[in-house]
Protein chains: 2
Amino acid sequence: MKLDKIDKELLNLLQNDSKRTTKEFANELKLSTTAIYERIKRLERSGIITGYVALIDRTKVDRSFTVLCHVKLIQHIKDFVIQFEREVLKLKEVVECFHTSGDYDYILKIHVSDMQAYRDFMITKLTAIRHIGSTQSSFIINEVKNSTAVFLE
Amino acid sequence: MKLDKIDKELLNLLQNDSKRTTKEFANELKLSTTAIYERIKRLERSGIITGYVALIDRTKVDRSFTVLCHVKLIQHIKDFVIQFEREVLKLKEVVECFHTSGDYDYILKIHVSDMQAYRDFMITKLTAIRHIGSTQSSFIINEVKNSTAVFLE
DNA sequence: ACTGAAACATTGGTTTG
DNA sequence: CAAACCAATGTTTCAGT
């Protein structure tokens with residue numbers, strides 16, 4: 001699907017606040033509410049907009065402790081990859097898991113309440129997965145920037 | 001603010017789809033629409049819900065290439081830290097930047113169109129920031145899991 | 001792009017545990 | 001007394017034109 005300038009501006013706005021009304025977007029982008037409405041529906045139908053979600057403040061729900069954990073498998077072979085990925089998907093503490101190039105095979109983002117909870121998570125859940133060679137945990141000291149929005153221009 | 005079981009279930013639902021109606025949530029959680037409505041407002045007022053956003057499919061808007069870039073400063077002193085963080089905030093390609101423990105000082109998530117665009121980004125933008133000692137880029141081969149939702153129980 | 005009907009969010013007054 | 005409910009109003013969405 002081809003996006004014009006207005007589609008991109010609309011996507012930037014929706015990625016920052018999806019609860020504004022079509023009327024507001026219409027005023028800001030100098031179009032009618034119906035025009036905006038139809039553009040949004042088109043973006044949804046085309047699969048560009050995949051959904052709408054609420055974002056929460058993790059510090060207020062006892063999930064302040066975030067860790068980026070680098071994982072290397074014993075051997076990077078198909079069976080091990082499949083099993084590791086399947087097991088990781090089950091772990092609720094893991095919000096992101098990327099298969100990456102570089103020194104490690106995977107990088108995971110993990111949210112828990114505190115260091116003790118992380119220790120428990122590592123011992124009883126993560127390293128319980130077979131074929132893990134080594135891990136290296138980077139604790140998050142500070143979130144300098146943390147956005148879900150991809151800037152379009 | 002104290003959260004009961006229903007608040008947590010409601011937060012789990014809202015984190016996965018915020019466009020459902022209060023009526024739907026009401027049916028699912030066996031409460032009236034007003035009760036759900038009031039709980040949502042309370043979660044918003046308390047700051048637990050920080051906002052609502054649209055999520056997009058990056059592969060459809062020419063931002064398929066994601067890199068996790070590890071950055072080490074020449075020296076981890078206050079002035080360098082402040083300047084680096086200030087400059088990183090300006091870079092639209094950087095969606096996340098975490099100050100971390102471990103071998104590197106920062107881990108950044110970067111969305112660009114392709115490898116060539118990443119090369120341009122590195123040369124003209126990232127390494128143009130002063131005081132960077134070294135960088136190590138991990139290219140994302142596959143997204144095994146990628147969620148914005150923190151599971152509550 | 002406009003309009004009107006239907007669905008939804010929202011509020012005040014009321015009830016319940 | 002706080003949380004849930006009911007009913008009534010104002011907004012937004014959205015199909016048909």
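The sequence lines fix the lettering, A, B, ..., with proteins before strands; numbering per chain opens at 1.
- Here the nucleotide nearest the side chain of B/L31, chosen from C/dA1, D/dC5, C/dA9, is D/dC5.
- Atom CZ of A/R20 is separated from atom C1' of D/dT13 by 17 Å (rounded to the nearest Å).
- Atom CG of B/D7 and atom C1' of D/dA4 are 13 Å apart (whole Å).
- In terms of phosphate contacts, A/K23 brings no side-chain nitrogen or oxygen within less than 4.0 Å of OP1 or OP2 of D/dT11.
- Rounded to whole Å, atom P of C/dT10 lies 17 Å from atom CZ of B/R39.
- Using a 4.0 Å cut-off between charged nitrogen and carboxylate oxygen, B/R39 and B/D4 count as a salt-bridge pair.
- Residue contacts for B/T33: at a heavy-atom cut-off of 4.0 Å it reaches no nucleic acid atom on any strand shown.
- B/L10 places its CG atom 14 Å from the P atom of D/dA3, with the value rounded to the nearest Å.
- You'll find that the side chain of A/S32 is closest to C/dC2, out of C/dC8, C/dC2, D/dT13.
- The side chain of B/Y37 places an N or O atom within less than 4.0 Å of a non-bridging phosphate oxygen (OP1 or OP2) of C/dT10.
- The separation between B/K2 atom NZ and D/dA3 atom P is 12 Å, rounded to whole Å.
- In this structure, B/I36 places its CD1 atom 14 Å from P of D/dA3, rounding to the nearest Å.
- A salt bridge is defined here as a Lys NZ or Arg NE, NH1 or NH2 lying under 4.0 Å from an Asp or Glu carboxylate O, and B/K41 with B/E38 fails to meet this definition.
- Computed from coordinates, the B/E38 CD to D/dA2 P distance equals 13 Å when rounded to whole Å.
- Of the candidates B/E96, B/E143, B/E93, B/E96 is the only one forming a salt bridge (charged side-chain N to carboxylate O under 4.0 Å, His left out) with B/K109.
- Among the nucleotides D/dA3, D/dT12, D/dC6, the one closest to any side-chain atom of B/T34 is D/dC6.
- Residue-environment remark: CZ (A/R119) stays at or below the threshold of 12 foreign heavy atoms within 6.0 Å.
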